[in-house]
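Working notes, beginning with the structure itself.
Labels below follow one simple rule: chain letters A, B, ... track the order of the sequence lines, proteins then strands, and each chain is numbered from 1.
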2 protein chains.
Amino acid sequence: MDAITSPPSGSAAQRIEAELRRAIISMAHPPGSRLSEQDIAATYGVSRQPVREALIGLARTRLVEILPQRGTVVVKISTRKMMEGRFVREAIETAVARRAAESFDPAARVRIDDLLDLQQKVAQRNDHTAFQRYDELFHIALAEGAGCAMAWQAVSDIKAHMDRACHLTLTNAETMLELVEQHRAIMAAVDACNPAAAAEAMHCHLREILRALPKVEAEHPDLFE
Amino acid sequence: MDAITSPPSGSAAQRIEAELRRAIISMAHPPGSRLSEQDIAATYGVSRQPVREALIGLARTRLVEILPQRGTVVVKISTRKMMEGRFVREAIETAVARRAAESFDPAARVRIDDLLDLQQKVAQRNDHTAFQRYDELFHIALAEGAGCAMAWQAVSDIKAHMDRACHLTLTNAETMLELVEQHRAIMAAVDACNPAAAAEAMHCHLREILRALPKVEAEHPDLFE
DNA sequence: AGAACCATACTACCATACAAGACGACAGTC
DNA sequence: GACTGTCGTCTTGTATGGTAGTATGGTTCT
């Protein structure tokens, strides 16, 4: 049942990177805020070295920017880059959906129904964090079921940025329930073995996600670059 | 003219990571070989710390695998993973080619012709390394010209793995010249503003690259997993 | 002879200390 | 008053020592 709380994996550096990643995506560290190696090290009770490695990892996913000898800051949200990211994600995930409709692992299929039910529950509770976690699990399961788990690797970084923005756009339960319905629509096309419909459903799904972005940019201009 | 030799950028860690990356892709460190932090540190005349950060970076791109408290090894080539990677890369790059045919930055357009001429030259000289570098520059320029530079970010890691395999498959000048011709075919479709043709040309191009992979796996089974 | 056991040499990992660059405040000068 | 040079304090970057875990080879017991 605790598939949602990822365990404190392996090294301290990995653990801290995961923690910081969550904190950044959930806006606990808002865009533009500074991240001091020393402060974080003190917070987590470790040395600067693992913190440094964690920040390097986050910099690689473009969630933070390390300015040499100056400091590390959480990158601001860029609508333009977000749209570019959507383009790439759309290219990958529509291809995955198409392949899923051609052949899908039956074992993964039943798991997805469970995921969607759980996602619907947390959506009704208006629980952002759990919702996004199940959203991620859905897309992972879809890629794995289609036999291209590696595709997720390429998408995960982009999705992290999107999820951060969605913490501003996903304000009510209705919107989240809509997204769950879109997930079900994708699976319906997959079950019908209709590649074109699956790709189209995924296309609409990804289009919907960032629809409200320009509005929140006007509301929170300080979070954007 | 020295656009091919990337400068020793910023920190020692980044410099060493770039060096190791080149060495791995060019098979100077063959798949399966061990990479000791200490040895590399001594080789490059630096401490173990920047080497460690470099190895962590390479592990993130799946070029090496860090086994905690045991050692770091160059990952072996996996035909299955390579095919999965091609699937993802195909999804992204055909979308890029399609968009390029819809609208392309004129300034980037002229640069590409220069790149292709240079690539043809080094192909005639049978210079693997330079060829792959210009190949990379071509795909980057195409993405930038199409206005989705971020797409390259998602492709670069996959291409690194492919390039490593291609060091085994690209043995003669003829094959390289064929690939240049495929590049020109893509650009012809772009110039003709024919998205479908551009995507199809890219599709064929990426299909060709790994065609000889099963053969080299039979010849060098020790390099594969 | 075979197998369990232990010492040793290796590894990645973390903590600490030091170095070098960047920014801001302040004093001195024109 | 505006400009400039210098010093102090922040930051990240690098070096080094020490720790825990793993594999390996020799040894001892059965």
Exercise. Just how far is it from atom CG of A/Leu179 to atom CD of A/Gln120, taken to the nearest 0.5 Å?
Worked result: 12.0 Å

Exercise. So which of residues 53-65 of chain B are in contact with DNA chain C, with a heavy-atom cut-off of under 4.0 Å?
Worked result: none

Problem set entry | Value in whole Å for how far the P atom of D/dA15 lies from CZ of A/Arg52 | 11 Å

Problem set entry | Residue pairs involving residues 209-218 of chain A (criterion side-chain hydrogen bond (donor to acceptor under 3.5 Å, both in side chains); sequence neighbours excluded) | A/Thr79-A/Glu217, A/Glu208-A/Arg211

Measure all distances between protein nitrogen or oxygen atoms and nitrogen or oxygen atoms of nucleotides 6-10 of chain D, and list the pairs falling under 3.5 Å.
none

Exercise. Mind checking what makes side-chain contact (heavy atoms from CB on, under 4.5 Å) contact with B/Met27, not counting sequence neighbours?
Worked result: B/Pro31, B/Ile77, B/Arg164, B/His167, B/Leu168

Problem set entry | Between D/dG17 (C1') and B/Gln49 (CD): distance, integer Å | 12 Å

For this session: Anything under 30° is parallel, anything over 60° is perpendicular, the rest tilted; go ahead and classify A/His183 against A/His139.
Result: perpendicular

For this session: Could you list by number each residue of residues 37-48 of chain B showing a heavy-atom separation from DNA chain D of less than 4.0 Å, or answer none if no residue does?
Result: B/Val46, B/Ser47, B/Arg48

Problem set entry | Note, B/Met82 side chain near B/Ile209 side chain (heavy atom, < 4.5 Å) | no

Exercise. Hey, which of these two, B/Leu35 or A/Arg70, hits DNA chain C nearer its 5' end, going by closest nucleotide?
Worked result: B/Leu35

Problem set entry | Separation between CZ of B/Arg89 and CG of B/Leu210, rounded to the nearest 0.5 Å | 8.5 Å

Exercise. What is the distance from atom CD1 of B/Ile140 to atom NZ of B/Lys159, rounded to the nearest 0.5 Å?
Worked result: 9.0 Å

Exercise. Among all residues two or more places apart in sequence or in another chain, which pass the side-chain contact (heavy atoms from CB on, under 4.5 Å) test with A/Ala28?
Worked result: A/Ala23, A/Ser26

For this session: Drop me the distance from B/Thr61's OG1 to B/Ile56's CD1, to the nearest 0.5 angstrom.
Result: 12.5 Å

Exercise. Whole-Å distance between D/dG13 C1' and B/Gln14 CD?
Worked result: 11 Å

For this session: Using atom CZ of A/Arg15 as one end and atom C1' of C/dC14 as the other, report the distance to the nearest whole Å.
Result: 12 Å

Exercise. Mind checking whether A/Tyr44 and A/Leu20 have side chains closer than 4.5 Å, heavy atoms only?
Worked result: yes

Exercise. Reckon B/Ser36 has a side-chain N or O less than 4.0 Å from the OP1 or OP2 of C/dT11?
Worked result: yes

For this session: For B/Ser156 and B/Arg21, work out which heavy atoms get closest and say how close.
Result: O-NH2, 3.9 Å

Exercise. Just to confirm, is there a sub-4.0 Å distance from OP1 or OP2 of D/dT12 to any side-chain nitrogen or oxygen of A/Thr72?
Worked result: yes

